[in-house]
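So the structure is just underneath, and the comments pick up after that.
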Amino acid sequence: MEAIGAVKGFKDILPDETPRWRQVEERARRVFSSFGFREIRVPLLERTELFRRGIGEATDIVEKEMYTFLDRGDEYLTLRPEATASIMRAYIEHHLYAADPVAKLYTIGPMFRRERPQKGRFRQFHQIDVEILGLDDPRVDAELILMLAHFLREVRIEDYEIEVNSLGCPRCRPSFRAAVVAHLKGREGDLCPDCRRRLDTNPLRTFDCKVPGCGEIVADAPLIPDYLCPDCKRHFDDFCRYLELFSLRHRLNPKMVRGLDYYTKTAFEVTTTLLGAQNAVAGGGRYDGLIRTLGGPDVPGIGFAVGMERLLSLMPPDGAGEEPFVFLAALGERAQETAYLICNRLRLRGVWAETDYSGKGLKAQLKRADKLGCPFAVILGDRELDEGRAIWRDMEGGDQRQIDLKTLDDFIFATYTERSK
RNA sequence: GUGGGUGUAGCUCAAUUGGUCAGAGUGCCGGGUUGUGGCCCCGGAGGCUGAGGGUUCAAGUCCCUCCACUCACCCCA
């Protein structure tokens with residue numbers, strides 16, 4: 001029979017890797033809690049319309065990257081390509097704004113985008129997603145970045161840069177957009193085909209283009225900060241001032257734009273040079289009009305997402321191993337049964353114990369204990385059984401002593417609790 | 001969607017101009033120690049060399065097609 005492989009771009013997270021995943025998740029939860037965030041869990045599947053309206057029709061995600069299918073011939077559903085839209089949907093659907101004017105939420109889970117896989121980019125990938133709804137104060141924007149930086153520190157990631165920019169609001173963006181279009185139109189012929197198309201759909205995205213010719217044209221293009229309305233400008237200035245208040249090193253990148261349409265005002269990205277072409281570890285920004293666009297009240301919001309796989313590949317290696325506490329080696333049928341019993345009694349008391357099922361020799365059993373990384377082993381043969389005792393072996397030093405069988409369970413349990421302190 | 005690279009044992013990789021080339025290390029199993037792991041020594045199992053076709057006396061090696069993986073463009077976390 002031919003074996004069935006995983007779907008392209010979908011990865012198994014094997015037992016050797018899961019401890020690190022859990023470690024990151026736990027640290028995220030701890031950090032977010034202390035900043036007042038609560039967890040929300042939303043479905044992986046939503047109506048396609050949610051993402052079309054939320055993320056924007058002209059974005060790459062909606063245009064060509066979504067896993068969309070017709071469900072039983074009556075409605076289009078999509079595997080979520082990001083979490084924000086779903087969280088906004090839940091926020092509106094359950095009237096969370098009514099209970100509290102401010103909602104601080106986070107979620108951790110898989111996202112799906114049908115792109116060509118490469119280093120740091122998968123079709124199913126995982127994000128840690130954080131949102132603050134109901135506050136538009138620039139202090140909140142700075143505080144969110146403070147929390148993100150703190151979290152990165154907690155997972156021992158140091159080599160990164162925070163880039164910030166303001167994308168303006170519906171009041172100031174049209175004039176900026178017009179200026180960019182005017183600038184680009186003059187040299188339209190020198191633009192790459194993609195950018196020529198973007199001229200109509202989303203001219204700001206030409207800023208991202210890496211084609212050398214486009215880079216030159218964009219080099220002296222108008223910059224967003226110069227076109228911000230007084231309100232946006234003040235917001236951005238204050239935001240930057242608060243970043244400095246926290247001594248958060250950051251870089252102004254007036255050419256940074258984001259691939260999702262809903263962003264307004266503050267935008268930021270955490271980048272690193274260590275990831276190859278996929279240099280963004282985290283990214284986010286403010287989206288003051290999104291909730292209303294999705295049929296909710298006019299509530300401002302800001303959030304960010306961290307790419308789990310990318311984060312993990314940046315983390316320094318850590319011996320977050322998992323090993324049993326004791327191996328019960330048994331010789332002879334009667335001893336094997338006793339060892340089997342003790343092993344499971346220990347497990348019921350919360351001590352990770354392993355034993356042998358093969359009836360192999362002592363050498364093979366100790367070898368197994370060593371391979372598993374057990375710090376201790378119990379040796380129990382019919383000989384010991386008859387004398388009502390067992391051998392307690394320290395695997396590191398090789399010291400051995402006799403333990404009365406009647407007190408063995410308690411002895412092991414006590415040693416275990418002592419050691420886990 | 002478009003390019004480039006790579007496919008040999010579970011894993012990491014070797015195999016001169018096509019000519020005993022199907023190997024090593026590691027892991028696994030066993031023995032050296034009839035009841036004592038790690039180090040060392042010895043042995044064993046395990047591969048239609050990604051798949052299919054072609055050239056040739058001879059193909060892991062050259063050519064074609066397909067597939068998979070990978071990196072990059074694009075975009076983003």
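Computed from heavy atoms alone, side chains included, the values below leave out hydrogens, waters and symmetry copies. Predicted model only: the values in this text are computed from it and were never measured. A, B, ... follow the sequence lines: proteins, then strands. Residue 1 opens every chain.
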Task: Interatomic distance at C1', rA9(B) relative to rC29(B), whole Å - done: 15 Å
Open item on the list: Can you work out whether Val7(A) or Met395(A) has the more 5'-proximal nearest nucleotide on RNA chain B?
Closed with: Met395(A)
Task: C1'-based separation of rC67(B) from rG52(B) [nearest Å] - done: 10 Å
- [ ] Using atom CD1 of Ile61(A) as one end and atom C1' of rC74(B) as the other, report the distance to the nearest whole Å.
- [x] 13 Å
Task: Min side-chain heavy-atom separation Pro81(A)-Ile61(A) under 4.5 Å - done: yes
TODO: Rounded off to whole Å, could you give me the NZ-to-C1' distance for the Lys8(A) and rG50(B) pair?
DONE: 14 Å
TODO: Can you tell me the distance, in whole Å, between the CZ atom of Phe122(A) and the P atom of rA77(B)?
DONE: 15 Å
Task: rG38(B) to rG30(B) separation - P atoms, rounded to the nearest Å - done: 13 Å
- [ ] Could you provide the dot-bracket string of RNA chain B, using ( ) for intrastrand pairs, [ ] for crossing pairs and | for bases paired to another strand, with Watson-Crick or G-U pairs below 3.5 Å?
- [x] (((((((..((((.....[...)))).(((((.......))))).....(((((..]....))))))))))))....
Task: Between Glu354(A) and Trp352(A), a side-chain donor and acceptor under 3.5 Å - done: yes
Task: Euclidean distance for C1', rU16(B) against rU2(B) (whole angstrom) - done: 38 Å
Open item on the list: I need the CG-P distance between Leu372(A) and rC28(B), as an integer number of Å.
Closed with: 11 Å
Open item on the list: Using ring centroids (six-membered ring only for Trp), state whether Tyr106(A) and Phe37(A) fall under 6.0 Å.
Closed with: no
Open item on the list: Without decimals, in angstroms, what is the distance between Lys371(A) NZ and rG27(B) C1'?
Closed with: 7 Å
Task: Lys104(A) (side chain) donor-acceptor with Phe35(A) (main chain) under 3.5 angstrom - done: yes
TODO: Mind checking Glu65(A) for me? I need base, sugar-phosphate or nothing, with any heavy atom below 4.0 Å counting as a touch.
DONE: sugar-phosphate
TODO: Using whole Å, report how far NZ of Lys367(A) lies from C1' of rC39(B).
DONE: 12 Å
TODO: Using the C1' atom as the reference point in each nucleotide, state the distance between rC64(B) and rC21(B) in Å, no decimals.
DONE: 25 Å
- [ ] Check step by step if side-chain hydrogen bond (donor to acceptor under 3.5 Å, both in side chains) holds for His250(A) and Glu163(A).
- [x] CA-CA 6 Å; His250(A) 60 283; Glu163(A) 294 183 34; over 6 Å; no
Open item on the list: Assess, by modelled atom type and distance only, whether the side chains of Tyr160(A) and Glu269(A) contain a donor and an acceptor separated by less than 3.5 Å.
Closed with: no
- [ ] State whether a side-chain donor-acceptor pair under 3.5 Å links His235(A) with Asp141(A).
- [x] yes
TODO: Using the C1' atoms only, state how far rU49(B) lies from rA22(B), rounded to an integer number of Å.
DONE: 8 Å
- [ ] Could you measure between the two C1' atoms, the one in rC11(B) and the one in rA51(B), and give it in whole Å?
- [x] 23 Å
Task: Sugar-phosphate only, base, or nothing, as touched by Ala282(A) at under 4.0 Å among non-hydrogen atoms - done: sugar-phosphate
Open item on the list: For the aromatic rings, using the six-membered ring if either is Trp, is the centroid distance between Tyr416(A) and Phe376(A) under 6.0 Å?
Closed with: no
Open item on the list: Please list, in numerical order, the residues of residues 123-130 of chain A that have a heavy atom closer than 4.0 Å to any atom of RNA chain B.
Closed with: Phe125(A), Gln127(A)
Open item on the list: Would you call the rings of Phe10(A) and Tyr67(A) parallel, tilted or perpendicular, taking 30° and 60° as the class edges?
Closed with: perpendicular
Open item on the list: Check whether Arg286(A) reaches the backbone of Ile302(A) with its side chain - one donor and one acceptor, N or O, closer than 3.5 Å.
Closed with: no
Open item on the list: Between P on rG35(B) and CG on Leu331(A), what's the gap in Å once rounded to a whole number?
Closed with: 7 Å
TODO: Grab the CG-P distance between Asp370(A) and rC39(B) for me, whole Å please.
DONE: 8 Å
TODO: For rG19(B) versus rC62(B), give the span between their P atoms, rounded off to a whole number of Å.
DONE: 11 Å
Open item on the list: Between Leu362(A) and Arg116(A), which residue's closest nucleotide on RNA chain B lies nearer the 5′ terminus?
Closed with: Arg116(A)
